[in-house]
Colleague: 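Got a structure for you, questions after.
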Amino acid sequence: MNEGPDIAQIGALIGDPARANMLTALMGGKALTATELAAVGGITVQTASTHLAKLEAGHLLAQRKQGRHRYFTLADESVGKLLESIMGFAAGRGQLRHRPGPKEPALRKARICYDHLAGDYGVRMLDSLVARGAIDAVGDGLALTEAGAGTLKCIGIDVHDLKSSRRPLCRSCLDWSERRAHLAGSLGKALLANFFDKGWARRTAGSRSVIFSPEGERQFLSLFPVEA
């Protein structure tokens, strides 16, 4: 008998098209109802409930009740990391779903990956922080430097509070569209929240794309320049 982790079970849970669509929808970080997820999966609410129960039993989803409604989210950041990694693997082998329209360029430019910034802007941000010595990149690992803590404090990120969290401060996450790393972890989450709080960017209804205002884009590109 084979021993060790059962990747076949996880693969089967993610591999169903309807379940894959529902999991991808939850990558936006918002809690969604069974009705909303049924629409994303192109299935009935009754069928969606069956799928959601399987995903919850497999520890890929979590739910919470509020009044008469049940809301579903990804179980934790590790599920988001797994899904983004699978997306990158699929994209690298030409397994792409083509949906013409304005959303695709917007998703590639800037999008939410669970709770942090991904896409071209997410990769640019990490590249810039590494280039200026704010973050050390050693292999696949990332570490905030002392100089980096000072840089982030200037834009309103309290690193001391983030370090008290049990969650990793800096983590590398493979970007499916750029095929390179963007910044995850509590720091990645805090930076995206900071952009929203300042009004530099906003979420897009029904999409994972993040839209920067003209002023927000100017500020972002100035804060995270690309080194020649």
Side-chain angles (χ1 to χ4, degrees), residues 23 26-31 59-64 71-88 110-203 208 210 212 216-227:
L23 288 167
L26 292 170
M27 285 284 285
K30 284 188 174 181
H59 305 291
L60 296 180
L61 293 187
Q63 70 161 292
R64 66 173 183 266
Y71 292 88
F72 295 87
T73 62
L74 297 183
D76 52 39
E77 185 189 15
S78 66
V79 180
K81 180 181 180 182
L82 171 64
L83 294 173
E84 186 78 5
S85 178
I86 292 174
M87 289 177 187
R111 66 178 180 276
I112 296 175
C113 175
Y114 185 60
D115 61 3
H116 53 270
L117 185 65
D120 174 63
Y121 273 27
V123 171
R124 178 193 181 109
M125 182 172 71
L126 178 56
D127 284 350
S128 180
L129 289 170
V130 171
R132 73 173 68 176
I135 288 180
D136 279 337
V138 182
D140 292 331
L142 300 176
L144 183 68
T145 65
E146 185 175 343
T151 297
L152 293 168
K153 187 175 183 179
C154 291
I155 62 173
I157 304 295
D158 190 335
V159 177
H160 178 74
D161 286 349
L162 297 180
K163 286 181 177 179
S164 65
S165 169
R166 295 172 58 186
R167 184 178 179 184
L169 180 63
C170 300
R171 188 175 61 73
S172 173
C173 186
L174 180 64
D175 196 287
W176 72 258
S177 57
E178 295 299 309
R179 318 280 176 85
R180 298 176 56 226
H182 60 246
L183 179 64
S186 60
L187 179 56
K189 178 181 179 180
L191 281 164
L192 180 59
N194 182 271
F195 303 153
F196 288 153
D197 291 343
K198 288 181 175 178
W200 291 2
R202 60 177 174 82
R203 301 176 63 113
R208 291 170 57 202
V210 173
F212 280 79
E217 186 151 354
R218 186 186 72 79
Q219 294 281 2
F220 181 88
L221 296 180
S222 174
L223 191 60
F224 303 107
V226 174
E227 297 294 329

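Only heavy atoms go into these numbers, but all of them, side chains included; no hydrogens, no water, no symmetry mates.
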Colleague: Please confirm whether the backbone N or O of Gly141 pairs with a side-chain atom of Ser172, one donor and one acceptor, at under 3.5 Å?
Modeller: no

Colleague: Can a salt bridge be assigned to the pair Arg171 and Glu77 using a cut-off of 4.0 Å between side-chain N and carboxylate O?
Modeller: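 Yes, charged N to carboxylate O under 4.0 Å.
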
Colleague: Would you check if Ile155 and Lys198 make a side-chain contact, meaning some heavy-atom pair closer than 4.5 Å?
Modeller: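 A side-chain contact under 4.5 Å exists here.
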
Colleague: Just so I know, are the side chains of Leu152 and Leu187 near enough to count as touching, which here means a heavy-atom distance under 4.5 Å?
Modeller: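 Of all side-chain heavy-atom pairs linking Leu187 with Leu152, at least one is under 4.5 Å.
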
Colleague: Checking side chain to side chain contact (heavy atoms under 4.5 Å, CB included) against Leu83, which of Leu60, Leu74, Leu26 comes through?
Modeller: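 Option passing the side chain to side chain contact (heavy atoms under 4.5 Å, CB included) with Leu83: Leu74.
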
Colleague: Side chains of Phe220 and Met125: closer than 4.5 Å at any heavy-atom pair?
Modeller: yes

Colleague: So, taking the atom named CG in Asp120 and the one named NE2 in His182, what distance separates them when rounded to the nearest 0.5 Å?
Modeller: 12.5 Å

Colleague: What's the separation between atom CG in Leu169 and atom CG in Leu183, rounded to the nearest 0.5 Å?
Modeller: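 Nearest 0.5 Å value for the CG-CG distance: 8.5 Å.
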
Colleague: So do Arg124 and Val226 actually touch side chain to side chain, heavy atoms under 4.5 Å?
Modeller: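 Yes; the side chains approach each other to less than 4.5 Å.
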
Colleague: In Å, rounded to the nearest 0.5 Å, how long is the span from CZ of Arg180 to CG of Asp127?
Modeller: 4.0 Å

Colleague: Has Arg132 got a side-chain atom pairing as donor or acceptor with Thr151's backbone, closer than 3.5 angstrom?
Modeller: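 Pair absent, no side-chain N/O of Arg132 close to backbone of Thr151.
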
Colleague: With a 4.5 Å limit on heavy-atom distance, are the side chains of Arg208 and Cys113 in contact?
Modeller: yes

Colleague: Does the pair Asp175/Arg111 count as a salt bridge with the N-to-O cut at 4.0 Å?
Modeller: yes

Colleague: Please report the shortest heavy-atom distance between Val210 and Ala201, naming the atom on each side.
Modeller: CG1-CB, 3.7 Å

Colleague: Mind checking whether Asp115 and Leu192 have side chains closer than 4.5 Å, heavy atoms only?
Modeller: no

Colleague: Measure the NE2-CG distance between His59 and Asp76 for me, rounded to the nearest 0.5 Å.
Modeller: 11.0 Å

Colleague: So do Leu23 and Met27 actually touch side chain to side chain, heavy atoms under 4.5 Å?
Modeller: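 They are not in side-chain contact.
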
Colleague: Among Leu117, Leu191, Ile135, which residue meets the side chain to side chain contact (heavy atoms under 4.5 Å, CB included) test with Leu126?
Modeller: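 With Leu126 as partner, Leu117, Leu191, Ile135 yield a single side chain to side chain contact (heavy atoms under 4.5 Å, CB included), made by Ile135.
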
Colleague: To the nearest 0.5 Å, what is the distance between CG on Leu144 and SG on Cys170?
Modeller: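 Leu144 CG to Cys170 SG: 5.0 Å, rounded to 0.5 Å.
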
Colleague: Would you tell me whether Glu84 and Tyr114 have side-chain atoms, one donor and one acceptor, within less than 3.5 Å of each other?
Modeller: no

Colleague: Could you tell me how the ring of Phe195 sits relative to the ring of Phe212: parallel (under 30°), tilted (30 to 60°) or perpendicular (over 60°)?
Modeller: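 Phe195 and Phe212: tilted rings.
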
Colleague: With heavy-atom distances below 4.5 Å as the criterion, would you say the side chains of Arg64 and Thr73 are in contact?
Modeller: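 Arg64 vs Thr73: side chains touch.
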
